[in-house]
K.L.:
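Please read through the structure below; I'll follow up with questions.
Every heavy atom of this structure was used, including side-chain atoms; hydrogens, water molecules and symmetry mates were not. Letters go in sequence order (proteins before strands), and every chain restarts at 1.
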2 protein chains.
Amino acid sequence: MQNSLKTLFPNFSSELIATIEQNGSAQDFESGTILMRTGQYIKNTVLIMKGKIKIYREGEDGGEFLLYYLQPGQACAISMICTAKSEKSQIMAKVVEDVSVMMIPLQLMDKWMMEHRSWYEFVIETYRSRFEEVLEVVDNIAFRSMDERLEFYLKRHSDACGCSEVKLSHQEIATELNTSREVVSRLLKKMEQRGLVKLNRNQIELLKKI
Amino acid sequence: MQNSLKTLFPNFSSELIATIEQNGSAQDFESGTILMRTGQYIKNTVLIMKGKIKIYREGEDGGEFLLYYLQPGQACAISMICTAKSEKSQIMAKVVEDVSVMMIPLQLMDKWMMEHRSWYEFVIETYRSRFEEVLEVVDNIAFRSMDERLEFYLKRHSDACGCSEVKLSHQEIATELNTSREVVSRLLKKMEQRGLVKLNRNQIELLKKI
DNA sequence: TTCTTTCTGTGACAAATGTTACTGTAGATT
DNA sequence: AATCTACAGTAACATTTGTCACAGAAAGAA
């Protein structure tokens, strides 16, 4: 069982894992599913067992700005942070590769924080790493120009999928960077001329240089 | 004693306050002091008793991008999040109005989290609100243009200082928005023409419209 | 005062990004 | 095959932002 809690969350104590298995509800969602919309009330914390989720910040005009990926062994920091208060979500979560998740009712969060040291540490570490990740996003948009941001975007995508082919249309990339399709096409073309990528329909191949 | 722990942190239990007074070290810093540099190891959590601190993200090129303010009754989320691991700081903290702070050794963080419910809740709430604040920063730079960001900056400043005069040079504002002085001058001039502000040397007066 | 520094304003230009409009092409559908 | 649709390329232009150069005003120092 390669996708067990034990393997994915190696720091969890046996008791914690037993508790999760007892109280959590395993659920599957297909790619494309919106797991959480901005403004919705959060009722569960989500542990990712399989697949991939992208977390977006939504603009008033309907923009979908990519913040980061969630992968197996990780959890949604936003949902954890909202604790028992059942706050509104500040983000949107979209499944981009069929996922299996473990849903944990928020009421249990506080309880587990006190009872399970390994849960406490996991939550704190999740906060910390997501905070850092968002700060890196700030770096990108505050200090870098679009061509650097595009490179970063492609690298991150290929890291997340573990391959060097980015199977996305220029339009999709543009949306997630909050720019226009033409700008992405233009910059990608320049990157191709610099020998960084090879362009095909619905697919960008990252060459070793990148 | 208007700046007592009890008044500033009304949700802290009496035992917690006693513990803080016993273990924390009260310190004062003058405006201009850099309390924390990017990359430094964090050894303390900081509770703000008086004054104001600005938190910045530093760019490789020396940029100082403003993230948010810390005010009396608040605490530095970054320092809390780094827990006992004594991680490196991802941000820079600068005193902008003489402060009195309470420094709390990081080792005590974990202990108090378990022992003091009110501390636990304060820490979680601090994480949550700072995360939200950084997400708002992302909104601004991802979705808005410089004139809107400048307006937001001025509003935030006047909220923080509780007055309608912003006593900063255009250069200082430009630095914190990571743009150039000329751009700020230009946009401020337009705002003045729209009747939103009145410009003086080293001072911008926000008019009611804003 | 005179000198000096800092701050502000502004024109002219450069570069980056956004927009419009149009083209062609690969795949899918019929 | 003929048609349709989504995707990609690109030229031309608008707008925003950044840079350079310079001038004058305000505050402080000598």
K.L.:
Examine distances only and state if a side-chain atom of A:Arg37 and a backbone atom of A:Ser89 form a donor-acceptor pair shorter than 3.5 Å.
P.N.:
no

K.L.:
Using a 4.0 Å heavy-atom cut-off across all strands, classify B:Ser180 as base, sugar-phosphate, or nothing.
P.N.:
base

K.L.:
Can you tell me how far C1' of C:dG18 sits from CG of A:Asn178, to the nearest Å?
P.N.:
11 Å

K.L.:
Tell me the interatomic distance from B:Glu148, atom CD, to D:dT17, atom P, rounded to whole angstroms.
P.N.:
9 Å

K.L.:
Please state whether the base of D:dG9 and the side chain of A:Arg181 form at least one donor-acceptor pair under 3.5 Å?
P.N.:
yes

K.L.:
Let me know the distance between CD1 of A:Ile141 and P of D:dT17, rounded to the nearest Å.
P.N.:
15 Å

K.L.:
Between the base of C:dT10 and the side chain of B:Arg186, is there any donor-acceptor pair under 3.5 Å?
P.N.:
no

K.L.:
Rounding to a whole Å, what distance do you find between B:Leu150:CG and D:dT17:C1'?
P.N.:
13 Å

K.L.:
In whole Å, I'd like the distance from the CE atom of B:Met191 to the P atom of C:dG9.
P.N.:
13 Å

K.L.:
Map A:Leu168 and B:Glu182 onto DNA chain D by nearest heavy atom, then report which one ends up closer to the 5' terminus.
P.N.:
A:Leu168

K.L.:
Mark yes or no for a side-chain to base donor-acceptor pair under 3.5 Å between A:Arg201 and D:dA6, with no hydrogen or angle criteria applied.
P.N.:
yes

K.L.:
Quickly work out the A:Gln171 CD to C:dG18 C1' distance and round it to whole Å.
P.N.:
13 Å

K.L.:
Assign the ring pair A:Phe122 / A:Trp119 to parallel, tilted or perpendicular, where the plane angle (0 to 90°) is split at 30° and 60°.
P.N.:
tilted

K.L.:
I want to check one thing: is the phosphate of D:dA6, taken as OP1 and OP2, less than 4.0 Å away from some side-chain N or O of A:Ser169?
P.N.:
no

K.L.:
Any salt bridge between B:Lys54 and B:Glu176, counting N to O under 4.0 Å?
P.N.:
yes

K.L.:
Could you tell me the separation between the CD1 atom of A:Ile204 and the P atom of D:dA8, rounded to a whole number of Å?
P.N.:
8 Å

K.L.:
Between D:dA8, C:dT8, D:dG9, spot the one nearest the side chain of A:Leu199, thanks.
P.N.:
D:dG9

K.L.:
Counting distance only, does the side-chain N/O of B:Asp98 pair as donor-acceptor with the main-chain N or O of B:Glu30 below 3.5 Å?
P.N.:
no

K.L.:
By nearest heavy atom, map A:Glu192 and B:Arg144 onto DNA chain D; which one lands nearer the 5' end?
P.N.:
A:Glu192

K.L.:
Look at the aromatic rings of B:Tyr153 and B:His157 and report parallel, tilted or perpendicular, splitting at 30° and 60°.
P.N.:
parallel

K.L.:
Of all the nucleotides listed (C:dG18, C:dT10, D:dT17), which has the minimum atom distance to the side chain of B:Ser185?
P.N.:
C:dT10

K.L.:
Do the side-chain N or O atoms of B:His170 get closer than 4.0 angstrom to the phosphate oxygens (OP1, OP2) of C:dG9?
P.N.:
yes

K.L.:
Within this structure, what is the CG-to-P distance between A:Leu188 and C:dT17, rounded to whole angstrom?
P.N.:
13 Å

